[in-house]
Amino acid sequence: MKFQAQRGTEDVLPAQAGKWRHVESAWLELTLLYGYGEIRTPTFEDTQLFIRTSGETSDIVSKEMYTFRDQGDRSITLKPEGTAPAMRAVVEHSLCPPGTVLRLAYVTPFFRYGRPQKGRLREAHQLGLELVGANSANADAEVLEVVSRFFAKIGIPDSVILLNSIGRTECRERYRAAILEHIAPWLAEQTTEDQEKAHKNPMRLLDSKDEKVHAVLAGLAPVTDFLEDDSKQRFETIQALLTEAGVKYRLAPEIVRGLDYYTETVFEVQSDKLGAQSSLCGGGRYDNLIGEIGGAATPSVGVGIGVERVLLALEAYEVAIQDSKPVAFVVSAGQDAAARNLVRELRDAGIATDWDIESRSMKSQMRQADKSGARFALVIGDTEVQESAVQVKELAKSEQFLLPRAEVVKWLQERA
RNA sequence: GCGGGUAUAGCUCAGGGGUUAGAGCGCCUGACUGUGGCUCAGGAGGCCGUGGGUUCGAGACCCAUUAUCCGCCCCA
């Protein structure tokens, strides 16, 4: 019986793991700089948590969740996104009492059932951040600033944030009605299925890839024309703050997002290098979510960044990420015990060291030293043992000299 | 969930109804018995994704299945 990783899941192999560490630690370091504390939430939650927050009619809830009954007959769902679990924890542990502001960051797997494609897995990973309890435009702007700085930090050039505001509930009601009115003649000729879909959530038509839909929507006023005064005010302030912070953004009326919990600010970062799964990052403001799950009304903003997609983008932009290499490779010329002791001493001293545990030929060991990328080969044989010394060879330069055994650690520490 | 493409060595791929299935790269060994990269020589490694079928004969053709890729849907 031969097994393979489940459909839509991936092994991250040692050759790739360095890139993952690079991206994840960049995120945690950056958010720490902005005062975000890390939170880790469980992999599965009560199914109702996601139904209540993402919305029963959202695609994620209606057809993409990994939901099952456990042996205690509870309905369990593997988290399909990071925000709802984090907010559940905030409410459960009273992390953000009224009047306070809370900053949370995380790296988490998430699960969505669908046909896998490049950049779309069933188990994927997300870098996330939530700014909880903050109502001011400063909050929206800060989240966007972190996103922008993050992409710059890891080396993805010229990322532009696509920004929109979809207003609050009342505004959206009016806009939905306006859309339906605008498309009514066209919609009447569509299939029942398309009609139902359009009525369920008219705004999703805006980010359709179908040219015909675009044509039908031509002439429709943008949602921002329907914003209440204070929403409009916030939207403008955010833009001013982004300009002040040097964050590149573009107004994008077609960005509407697929989760029901968003209010007012929504945004995405896309890349044309990723094919159909072009969204690297998405987020927005969710002022009603915490109230929806039993907490006091708490305005909040957050973002999720797809790790796999960021890695694809890094690859597409040919951003070089150096793998960690050993400093020293110890070569034994028939002196395995002495070599082993040297290796152990170096490792104990914190110097990354490798050697050939299979006692192969000298030639083979030198080849391995070369391939390992180590800066120095340390050769230890009969003569060296006799003289209490080690041959140190700087591989790139092919230069070699005899160094007293007692000085090896110190010598390498000065060069590591 | 819908439509289409692909599956041959560790990797990238060629081949094509007929005896022992190939290349490049990678890997291992060796080329004055203590020294890597370059070169040269040798070698290991594949039931041609899996299961059925057609055929005298299938890695090739057909069906199913699994995985993957592209598009849709959706989003990270």
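Keep in mind that this is a model prediction, so the values were computed, not measured. Protein chains get the first letters and strands the later ones, always in sequence-line order, with residue 1 at the start of each.
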Contact list for RNA chain B against residues 362-370 of chain A - heavy-atom distance below 4.0 Å | A:Met362, A:Lys363, A:Ser364, A:Met366, A:Arg367, A:Asp370

Cation-pi check, A:Arg122 onto A:Tyr113 ring (under 6.0 Å, within 45° of axis) = yes

Between atom NZ in A:Lys212 and atom P in B:rC72, what is the gap in whole Å?
-> 14 Å

The dot-bracket string of RNA chain B, counting Watson-Crick and G-U wobble pairs with both distances under 3.5 Å, using [ ] for crossing pairs and | for pairs to another strand, is (((((((..((((....[...)))).(((((.......))))).....(((((..]....))))))))))))....

Taking atom C1' in both B:rG17 and B:rA76, compute the distance separating them and give it to the nearest angstrom.
-> 48 Å

Would you mind reading off the distance between A:Phe267 atom CZ and B:rA76 atom C1', rounded to a whole angstrom?
-> 12 Å

Pairwise P distance, B:rC2 and B:rU12 [rounded to whole Å] | 29 Å

Smallest heavy-atom separation, A:Leu241 atom then A:Ala141 atom, equals CB-CB, 3.6 Å

Reckon A:Lys371 touches a base, only the sugar-phosphate, or nothing at all at heavy-atom distances under 4.0 Å?
-> sugar-phosphate

May I have the distance from A:Asp356 (atom CG) to B:rU35 (atom P), rounded to whole angstrom?
-> 16 Å

Indicate yes or no: at least one non-hydrogen side-chain atom of A:Glu29 is less than 4.5 angstrom from one of A:Lys153.
-> yes

Do the two ring centres, one from A:Trp411 and one from A:Phe401, sit under 6.0 Å apart?
-> yes

Check the distance between B:rC74's C1' and A:Asp59's CG and give it to me in whole angstrom.
-> 6 Å

Are any of the side-chain nitrogens in A:Arg88 or A:Glu45 under 4.0 Å away from the carboxylate oxygens of its partner?
-> yes

Under a 4.0 Å N-O cut-off, is there an ion pair linking A:Arg405 with A:Glu407?
-> no

Between B:rC72 and B:rC48, how far is it from one C1' atom to the other, in whole Å?
-> 33 Å

Counting only heavy atoms not in A:Arg415, do more than 12 fall under 6.0 Å of its CZ?
-> yes

Taking only N/O atoms, report every protein-nucleotides 1-12 of chain B pair under 3.5 Å with atom names and distance.
residue : atom : partner  : partner atom : Å
B:rG1   : O6   : A:Arg120 : NH2          : 3.4
B:rC2   : N4   : A:Arg115 : NE           : 3.3
B:rG3   : N7   : A:Arg115 : NH2          : 3.3
B:rG3   : O6   : A:Arg115 : NH2          : 2.9

For the residue pair A:Phe329 and A:Trp355, is the inter-centroid distance of their aromatic rings smaller than 6.0 Å?
-> no

Looking across every strand, which nucleic acid part, if any, lies under 4.0 Å from A:Gly8 by heavy atom: base, sugar-phosphate, or nothing?
-> sugar-phosphate

Specify the separation, in whole Å, of atom CD of A:Gln4 and atom P of B:rU68.
-> 8 Å

With sugar-phosphate meaning primed atoms plus P, OP1 and OP2, does A:Glu384 contact a base, only sugar-phosphate, or nothing at under 4.0 Å between heavy atoms?
-> base

Separation of A:Ile255 atom CD1 from B:rC74 atom C1', in whole Å?
-> 14 Å

Indicate, with yes or no, if the rings of A:Tyr262 and A:Tyr286 have centres closer together than 6.0 Å.
-> no

Side-chain donor/acceptor of A:His182 to backbone N/O of A:Ala221, under 3.5 Å | no

Expressed as a whole number of Å, how far does the P atom of B:rC11 sit from that of B:rC27?
-> 15 Å

Could you measure between the two C1' atoms, the one in B:rA58 and the one in B:rG52, and give it in whole Å?
-> 13 Å

Sugar-phosphate, base or nothing in reach of A:Gly119, heavy atoms under 4.0 Å = base

Scanning both residues in full, the closest heavy-atom pair of A:Asn164 with A:Pro253 reads ND2-O, 3.2 Å

Just call it for A:Ile60: base, sugar-phosphate, or nothing, with non-hydrogen atoms closer than 4.0 Å on any strand.
-> nothing

Please measure how far the C1' atom in B:rC13 lies from the corresponding atom in B:rA7, and state the result in whole Å.
-> 12 Å

Using the 3.5 Å cut-off, write out each protein N or O paired with an N or O of nucleotides 43-50 of chain B and the distance between them.
none

On a heavy-atom basis, the closest approach of A:Asp287 and A:Arg234 is OD2-NH2, 4.4 Å

Could you tell me the separation between the CD atom of A:Gln6 and the P atom of B:rU68, rounded to a whole number of Å?
-> 10 Å

Say you pick atom C1' in B:rG4 and the same atom in B:rG10; how far apart are they, in whole Å?
-> 30 Å

Presence of salt bridge, A:Arg375 and A:Glu394, under 4.0 angstrom = yes

side-chain contact (heavy atoms from CB on, under 4.5 Å) partner of A:Cys96, the single match among A:Val101, A:Leu104, A:Val132, A:Val91 | A:Val132

In chain order, what residues pass the salt bridge (Lys or Arg N to Asp or Glu O under 4.0 Å) check against A:Glu64, with sequence neighbours excluded?
-> none

Among residues 33-47 of chain A, which contact RNA chain B at a heavy-atom distance under 4.0 Å?
-> none

Integer-rounded Å distance: B:rC74 C1' and A:Asn201 CG = 13 Å

When all nucleic acid strands are considered with a 4.0 Å heavy-atom cut-off, which category describes A:Arg112: base, sugar-phosphate, or nothing?
-> base

Using the P atom in both, what is the distance from B:rA14 to B:rG43, to the nearest Å?
-> 27 Å

A:Phe226 six-ring centre to A:Arg174 NZ/CZ under 6.0 Å and within 45° of normal | no

